[in-house]
Asks: 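Dropping the structure in here first, questions after.
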Amino acid sequence: QAQLVESGGGLVQAGDSLRLSCKASGLSVSNHAMGWFRQAPGKEREFVAAINWAGTAPYYTDSVQGRFTISRDNAQNTLYLQMNSLKPADTAVYYCACARGSSTTDLVQAREMAYWGQGTQVTVSS
């Protein structure tokens, strides 16, 4: 059964760092763009970051640019999100996603993803 499983979330203070991981099983993600989304309480799910199949073209939403870094290890079938200088506004459930296409643009413009993870909670206290 194909699935994405996130880990690494937790409760931290403002200014701290966290590293999220997303491990794919039952499928190879090496030819697909992948990304991170988040959903805060009472808000719609929003795009955070994306990366192409080769890991050479990351893209970020403005609010995390310069603080978050997306990366991937295709040999390990794993996606990462390094989050630094965390803010209370970053509090949300973070989801990883696998696009049907291979480019960053494919993911950002896609109406639907091929696969979603179950989410991991990130809480940043002030």
Asks: With rounding to the nearest 0.5 Å, note down the distance linking CG in Leu4 to CG in Asn77.
Replies: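 Nearest 0.5 Å value for the CG-CG distance: 9.0 Å.
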Asks: So which pairs with a foot in residues 9-18 pass side-chain hydrogen bond (donor to acceptor under 3.5 Å, both in side chains), sequence neighbours left out?
Replies: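 Sorted pair list: Ser17-Asn84.
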Asks: What verdict does the side chain to side chain contact (heavy atoms under 4.5 Å, CB included) test give for Arg38 and Glu46, after you've listed the backbone C-alpha separation in whole Å, the side-chain angles of each residue and the deciding distance to 0.1 Å?
Replies: CA-CA 5 Å; Arg38 66 187 180 187; Glu46 65 172 356; 2.6 Å; yes
Asks: Could you tell me if the side chain of Thr123 sits less than 4.5 Å from the side chain of Val12, heavy atoms only?
Replies: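 They are not in side-chain contact.
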Asks: Taking side-chain hydrogen bond (donor to acceptor under 3.5 Å, both in side chains) as the test, write out the residues that go with Asn52, two or more places apart.
Replies: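 side-chain hydrogen bond (donor to acceptor under 3.5 Å, both in side chains) list for Asn52, sorted by chain: Thr56.
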Asks: Rounded at 0.5 Å granularity, tell me how far CG in Leu81 sits from CZ in Arg19.
Replies: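 Interatomic distance, Leu81 CG to Arg19 CZ, rounded to 0.5 Å: 10.0 Å.
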Asks: Looking only at heavy atoms, which two atoms of Ala33 and Thr104 are closest? And how far apart?
Replies: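 Heavy-atom minimum between the residues: CB-N, 4.3 Å.
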Asks: Can you list the steps and then say if Asp73 with Leu79 is a side chain to side chain contact (heavy atoms under 4.5 Å, CB included)?
Replies: CA-CA 6 Å; Asp73 184 340; Leu79 176 73; over 6 Å; no
Asks: Is Gln82 close to Ile70 at the side-chain level, that is, under 4.5 Å between some pair of heavy atoms?
Replies: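 A side-chain contact under 4.5 Å is absent here.
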Asks: Got a donor-acceptor contact below 3.5 angstrom from the Lys23 side chain to the Gln76 backbone?
Replies: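 Pair found, side chain donor or acceptor close to backbone of Gln76.
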Asks: Would you give the length of the straight line joining atom OH of Tyr60 to atom CZ of Phe68, rounded to the nearest 0.5 angstrom?
Replies: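 It is 10.5 Å, given to the nearest 0.5 Å.
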Asks: State, yes or no, whether a side-chain contact exists between Leu107 and Thr105 at a heavy-atom distance under 4.5 Å.
Replies: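 They are not in contact (no side-chain heavy atoms under 4.5 Å apart), so the answer is no.
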Asks: Under the side chain to side chain contact (heavy atoms under 4.5 Å, CB included) rule, collect the residues that match up with Ser126, sequence neighbours excluded.
Replies: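 If we apply the side chain to side chain contact (heavy atoms under 4.5 Å, CB included) test to Ser126, skipping adjacent residues, the hits are Pro88.
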Asks: Just to verify, what does Ser25 make a side-chain hydrogen bond (donor to acceptor under 3.5 Å, both in side chains) with, not counting sequence neighbours?
Replies: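 Testing Ser25 for side-chain hydrogen bond (donor to acceptor under 3.5 Å, both in side chains), a comparison that skips the adjacent residues, returns none.
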Asks: Once side-chain hydrogen bond (donor to acceptor under 3.5 Å, both in side chains) is applied, what residue pairs with a partner in residues 2-12 remain, sequence neighbours excluded?
Replies: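 Listed by first then second residue: Glu6-Gln118.
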Asks: Looking only at non-hydrogen atoms, find the nearest pair between Ala24 and Val29 and report the distance.
Replies: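 The answer is CB-CG1, 3.6 Å.
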Asks: Excluding sequence neighbours, so at least two apart, what forms side chain to side chain contact (heavy atoms under 4.5 Å, CB included) with Ala110?
Replies: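 By the side chain to side chain contact (heavy atoms under 4.5 Å, CB included) rule, Ala110 matches Met113.
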Asks: Please lay out, stage by stage, how Ser30 and Ser28 fare under the test side chain to side chain donor-acceptor pair (under 3.5 Å).
Replies: CA-CA 6 Å; Ser30 60; Ser28 174; 3.1 Å; yes
Asks: Once salt bridge (Lys or Arg N to Asp or Glu O under 4.0 Å) is applied, do any residues pair with Glu112, and if so which ones, sequence neighbours excluded?
Replies: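 With sequence neighbours excluded, Glu112 shows a salt bridge (Lys or Arg N to Asp or Glu O under 4.0 Å) to Arg100, given in chain and number order.
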Asks: State the CG-NE2 distance between Asn74 and His32, to the nearest 0.5 angstrom.
Replies: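 Asn74 CG to His32 NE2: 10.5 Å, rounded to 0.5 Å.
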Asks: Write down the atom of Ala2, the atom of Leu27, and the distance for their closest heavy-atom approach.
Replies: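 Residues Ala2 and Leu27, closest heavy atoms: CB-CD2, 3.8 Å.
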Asks: Would you confirm whether the ring centroid of Phe47 sits within less than 6.0 angstrom of the ring centroid of Phe37?
Replies: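 Yes, ring centres under 6.0 Å apart.
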Asks: According to ring-ring contact (aromatic ring centres under 6.0 Å, His included), who are the partners of Tyr80, at least two apart in sequence or on a separate chain?
Replies: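 Residues passing ring-ring contact (aromatic ring centres under 6.0 Å, His included) with Tyr80: none at all.
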Asks: Nearest 0.5 Å, what's the SG-OH distance between Cys22 and Tyr95?
Replies: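 Here the interatomic distance stands at 13.0 Å.
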Asks: In chain order, what residues pass the side chain to side chain contact (heavy atoms under 4.5 Å, CB included) check against Ser85, with sequence neighbours excluded?
Replies: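 Listed in chain order: Arg67.
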Asks: Sequence neighbours excluded, which residues qualify as ring-ring contact (aromatic ring centres under 6.0 Å, His included) partners of Tyr94?
Replies: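 In terms of ring-ring contact (aromatic ring centres under 6.0 Å, His included), with neighbours along the sequence ignored, Tyr94 is linked to no residue.
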Asks: Just checking Tyr59: does its OH atom have more than 12 heavy atoms from other residues, nucleotides or ligands closer to it than 6.0 angstrom?
Replies: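 Counting neighbours around OH of Tyr59, 12 or fewer heavy atoms of other residues, nucleotides or ligands fall under 6.0 Å, so no.
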Asks: Evaluate the side chain to side chain contact (heavy atoms under 4.5 Å, CB included) criterion for residues Val122 and Thr91: first the C-alpha distance (whole Å), next the side-chain angles of each, then the deciding distance (0.1 Å), finally the verdict.
Replies: CA-CA 5 Å; Val122 172; Thr91 295; 5.9 Å; no
Asks: Do the side chains of Val93 and Val48 join up, straight or via other hydrophobic residues, at under 4.5 Å, putting them in one cluster?
Replies: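 Different clusters: Val93 never reaches Val48 through Ile, Leu, Val, Met, Phe, Trp or Tyr contacts under 4.5 Å.
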Asks: Among all residues two or more places apart in sequence or in another chain, which pass the salt bridge (Lys or Arg N to Asp or Glu O under 4.0 Å) test with Arg72?
Replies: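 With sequence neighbours excluded, Arg72 shows a salt bridge (Lys or Arg N to Asp or Glu O under 4.0 Å) to no residue whatsoever.
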Asks: If hydrophobic residues (ILVMFWY) are linked whenever their side-chain heavy atoms come closer than 4.5 Å, directly or via other members, who joins Trp53 in its cluster?
Replies: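 When side chains under 4.5 Å apart are linked, Trp53 ends up in no cluster with other residues.
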Asks: Could you check Leu20 against Met83 for side chain to side chain contact (heavy atoms under 4.5 Å, CB included), going step by step and ending with a plain yes or no?
Replies: CA-CA 8 Å; Leu20 304 184; Met83 305 186 294; 3.7 Å; yes
Asks: Report the distance from atom OH of Tyr115 to atom SG of Cys96, rounding to the nearest 0.5 Å.
Replies: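 That separation rounds to 12.5 Å.
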